[in-house]
Amino acid sequence: MTLVFVKGQNAPLAAQQLRIMVDAAVAVDLSALLLAETGRVRSDGDFVFYNQPAAPGLTWLTGGAGGAQRVEIDLSAVPADVDRVIAVISPDDRTTKFGSGPAPVARLVEATGAEVGTFTMQGLSEERAVIAWELYRRAGAWKVRAIGQGYSGGLAQLIAAHGVDVEQEEPAPAPVTSSPHFPGTPSPHFPGTGGPAPAASQQPQQPLPEVGGPLEERQYQQVWSIFQDAARSTSALRSAIGYAEQRRDNEVGELLNDPRLRNSPQTAAARAEADRRHDELVRRAVADRRRDVDQLVAELRELSAGLPAPMAGWDSPRWRDWRLPATMTAGIRVGDVHVPESPELRIPLLFRLPLMRPLWIDTTGADKASAQAMARSVVVRLLAAHPPGQLNVSVVDLAGGGAAGRSYDLGGAPGAARSVPVAATPQALGDMLEQLVERVDLVQMAIRAGAMGSPYEDIDGGRRLLVLHDFPYGFDDSAFNRLQYLLHEGPEAGVHVLMVADPQDSSTLGPMVGAVWRSMARLPVLSGDHMGDPWVGLTWTFTPDVTTGSAAVDEILARLARQADGQ
């Protein structure tokens with residue numbers, strides 16, 4: 001039986017030999033990519049299209065009626081280090097947008113000719129390239145998922161986002177229906193953080209410092225794969241229920257158009273049949289969702305037991321054997337997220353390290369103690385995730401006269417406690433910001449000159465974290481301009497910002513402050529707050545993971561203090 005897929009829906013694959021085709025009102029090109037666990041191609045040879053018609057397990061062909069293109073897939077021949085295959089469609093005329101005509105239909109067919117499923121990509125507008133299908137490994141087997149993720153920048157932007165080296169004639173616009181790097185490549189920012197990331201530095205890009213190891217990287221990727229699957233499964237459930245309700249309403253509406261038949265036995269029977277079809281569609285969608293959630297819960301349970309301490313909960317036994325890392329951990333955990341349909345599936349919310357986007361702890365509705373506990377939790381995790389002495393903390397607290405800085409009580413850790421610089425006056429704020437700006441300039445000059453093998457460590461010992469409380473209290477134009485510079489240029493030079501503030505307090509600096517909030521990754525303080533996901537349009541419920549009462553925090557700080565004392 002042919003499945004009619006909705007966006008986000010997945011299904012197991014029984015056949016190993018498959019064919020992908022597309023029906024569209026305009027001439028389209030069909031292509032495919034082999035992606036590793038990172039969501040990126042292993043090399044440019046993993047991109048299959050008309051000028052490069054073959055890759056391991058993939059063959060691009062054309063012919064038949066109208067010269068239609070197709071991609072043949074032999075899953076048994078796909079290399080073991082390939083995690084997924086995505087099928088992409090793009091108009092032959094690069095100026096054409098999919099929203100200008102009828103929705104294209106992607107088809108997946110077995111080698112025998114039996115049709116596995118169809119997917120009508122509804123709701124497209126400005127897109128000039130769309131991921132249609134994704135075939136991916138799950139628990140040792142292959143599955144297929146309907147994606148429908150579009151890119152307004154066209155094929156060049158889409159394949160570049162997945163690691164293919166491509167020369168673009170002009171800067172590509174942002175994807176229309178996805179946050180950067182989703183799906184496949186975990187983003188360093190949680191989706192829905194209020195706006196785009198800061199503009200990239202114009203300085204030459206440097207390799208990121210060594211982060212974690214192969215196991216940590218796979219674990220980080222797997223957490224985001226679980227998030228990705230949960231998001232798509234939820235979207236599929238909601239789409240299927242919406243489709244079932246719309247179809248029933250349309251069918252019943254047609255029955256009632258003729259007043260003479262409204263109360264006839266035939267109409268009653270037809271209405272009952274429409275209700276039955278609706279209930280059957282919903283029942284199948286709920287069963288599919290239950291299957292997906294059970295599988296993801298089992299995966300997450302197994303994965304959580306082995307996560308490194310900075311990516312685990314504060315109550316995890318992993319903290320008992322935590323040691324100072326030799327390299328930066330792949331990420332840190334700040335809480336978990338879930339959707340109302342499956343509260344039992346609580347997915348760790350991880351932030352990638354190094355922090356290439358500033359973090360904003362949103363204190364709206366929270367008391368000072370809760371906000372400071374959240375900030376302290378994040379700071380301690382960051383210290384625990386960095387090698388000794390490679391993260392140094394500075395604190396700004398003008399509204400509290402420095403009390404927030406003292407409340408961290410970081411116990412003598414490198415860059416912490418008695419060695420933590422705290423700015424409690426406008427003059428001290430200006431001096432601290434100026435020092436950090438000078439540091440960024442110095443690193444950038446050294447990078448341009450090629451004089452630094454490890455730019456973040458070679459200048460005055462490691463990275464810097466600026467913890468900024470109650471912005472914009474006490475900021476004048478000069479301080480604001482310096483902060484903007486640090487937000488945009490600092491991450492590439494190893495200077496990062498963690499802001500602890502309520503946006504309701506931002507009126508004194510006018511609309512320019514809005515750009516600051518939008519440039520940051522928002523992290524709520526209150527449990528039960530919501531975080532938007534523009535990738536599939538979901539709203540996730542967030543639960544923070546704070547340090548209150550955790551013996552792990554004291555042990556971390558004690559070890560950091562001993563390290564600082566050379567013990």
Side-chain angles (χ1 to χ4, degrees), residues 1-24 28-35 48-49 54-66 68-79 82-89 102-122 124 130-149 183-184 225 228-229 232-233 235-237 239-240 243-244 247 277 280-292 295 536:
M1 181 181 68
T2 300
L3 291 175
V4 179
F5 284 77
V6 296
K7 184 175 180 178
Q9 183 177 351
N10 66 68
L13 286 172
Q16 294 287 293
Q17 282 73 40
L18 299 156
R19 176 180 301 161
I20 291 175
M21 297 173 288
V22 62
D23 301 325
V28 296
D29 289 324
L30 179 62
S31 54
L33 293 95
L34 299 169
L35 304 179
V48 171
F49 65 116
L58 298 183
T59 305
W60 180 94
L61 297 167
T62 187
Q69 300 176 14
R70 64 188 187 275
V71 172
E72 306 277 358
I73 303 176
D74 181 358
L75 295 175
S76 65
V78 173
V82 170
D83 183 66
R84 62 194 66 204
V85 180
I86 60 172
V88 175
I89 63 170
V105 179
R107 295 190 288 138
L108 184 64
V109 181
E110 295 182 3
T112 61
E115 194 165 62
V116 176
T118 63
F119 172 38
T120 302
M121 287 167 274
Q122 304 280 6
L124 300 178
V130 180
I131 300 174
W133 298 111
E134 177 185 64
L135 283 64
Y136 63 103
R137 299 183 195 267
R138 177 63 70 194
W142 283 94
K143 299 181 75 172
V144 61
R145 178 161 41 212
I147 300 295
Q149 173 192 349
S225 293
Q228 177 181 333
D229 285 351
R232 287 174 169 153
S233 178
S235 178
L237 173 65
S239 295
Y243 171 77
R247 190 177 75 170
R277 286 196 294 268
E280 175 61 19
L281 277 174
V282 172
R283 185 196 65 76
R284 287 188 351 222
V286 170
D288 288 345
R289 167 70 177 176
R290 184 70 264 161
R291 178 201 67 208
D292 290 345
Q295 180 173 302
V536 291

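These figures come from a predicted structure and were not determined experimentally.
- Two residues are said to be in side-chain contact when any heavy atoms from C-beta on lie closer than 4.5 Å; V85 and L35 fail this criterion.
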Please lay out, stage by stage, how Q122 and S239 fare under the test side chain to side chain contact (heavy atoms under 4.5 Å, CB included). CA-CA 11 Å; Q122 304 280 6; S239 295; over 6 Å; no
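- At distances below 3.5 Å, at least one donor-acceptor pair connects side-chain atoms of R137 with backbone N or O atoms of V82.
- There is a side-chain donor-acceptor pair under 3.5 Å between R289 and S233.
- The nearest pair of heavy atoms linking A11 to L3 is CB-CD1, 3.8 Å.
- How far CD1 of I20 is from CH2 of W60: 14.5 Å, rounded to the nearest 0.5 Å.
- Separation of atoms CD (Q16) and CD1 (I73) is listed at 11.0 Å; rounding is to 0.5 Å.
- With hydrogens and angles disregarded, a donor-acceptor distance shorter than 3.5 Å links the side chain of Q69 to the backbone of L30.
- With respect to the salt-bridge test (charged N to carboxylate O, under 4.0 angstrom), the residues E134 and K143 do not qualify.
- With contacts defined as side-chain heavy-atom distances shorter than 4.5 Å, the pair I89/P104 qualifies.
- Between E280 and R283 a salt bridge is recorded (basic side-chain N to carboxylate O distance below 4.0 Å).
- In this structure, the separation between CG on L237 and CZ on R290 is 11.0 Å, given to the nearest 0.5 Å.
- Inter-residue side-chain proximity for L18 and E110 is flagged as met; some heavy-atom pair is nearer than 4.5 Å.
- Counting only heavy atoms from C-beta outward, the side chains of V144 and N10 never approach each other to under 4.5 Å.
- V4 and Q9 make their closest contact through O-OE1, 3.7 Å (heavy atoms, listed as atom of the first residue, atom of the second, distance).
- The shortest side-chain heavy-atom distance between L61 and E72 falls under the 4.5 Å cut-off.
- For the pair L13/V116, a side-chain contact is recorded, criterion being any heavy-atom separation below 4.5 Å from C-beta on.
- The heavy-atom pair separating S76 from D74 by the smallest distance is OG-OD1, 2.5 Å.
- The heavy-atom pair separating L34 from P56 by the smallest distance is CD1-O, 3.5 Å.
- Side-chain contact between V71 and T59 is absent, with no heavy-atom pair separated by less than 4.5 Å.
- Side-chain atoms of K7 and I147, non-hydrogen and from C-beta on, never get closer than 4.5 Å to each other.
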Take V105 and M121 through the side chain to side chain contact (heavy atoms under 4.5 Å, CB included) test and state the conclusion after the steps. CA-CA 6 Å; V105 179; M121 287 167 274; over 6 Å; no
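- The shortest heavy-atom contact between A236 and G8 is CB-C, 3.5 Å.
- Without hydrogens or angle criteria, Q295 side chain to D292 main chain gives no donor-acceptor distance under 3.5 Å.
- Residue F49 qualifies as enclosed at atom CZ: its count of foreign heavy atoms under 6.0 Å is above 12.
- Cation-pi contact between R145 and Y136: present, with separation from the ring centre below 6.0 Å and deviation from the ring axis of at most 45°.
- Taking the six-membered ring for Trp and thresholds of 30 and 60 degrees, W133 and F5 have ring planes more than 60 degrees apart, a perpendicular arrangement.
- Between R291 and D288, at least one side-chain nitrogen of the basic residue sits less than 4.0 Å from a carboxylate oxygen of the acidic one, meeting the salt-bridge criterion.
- Residues V48 and A54 approach most closely at CG2-C, 3.9 Å, considering heavy atoms.
- A distance of 9.5 Å separates CG of L58 from CG of L135, quoted to the nearest 0.5 Å.
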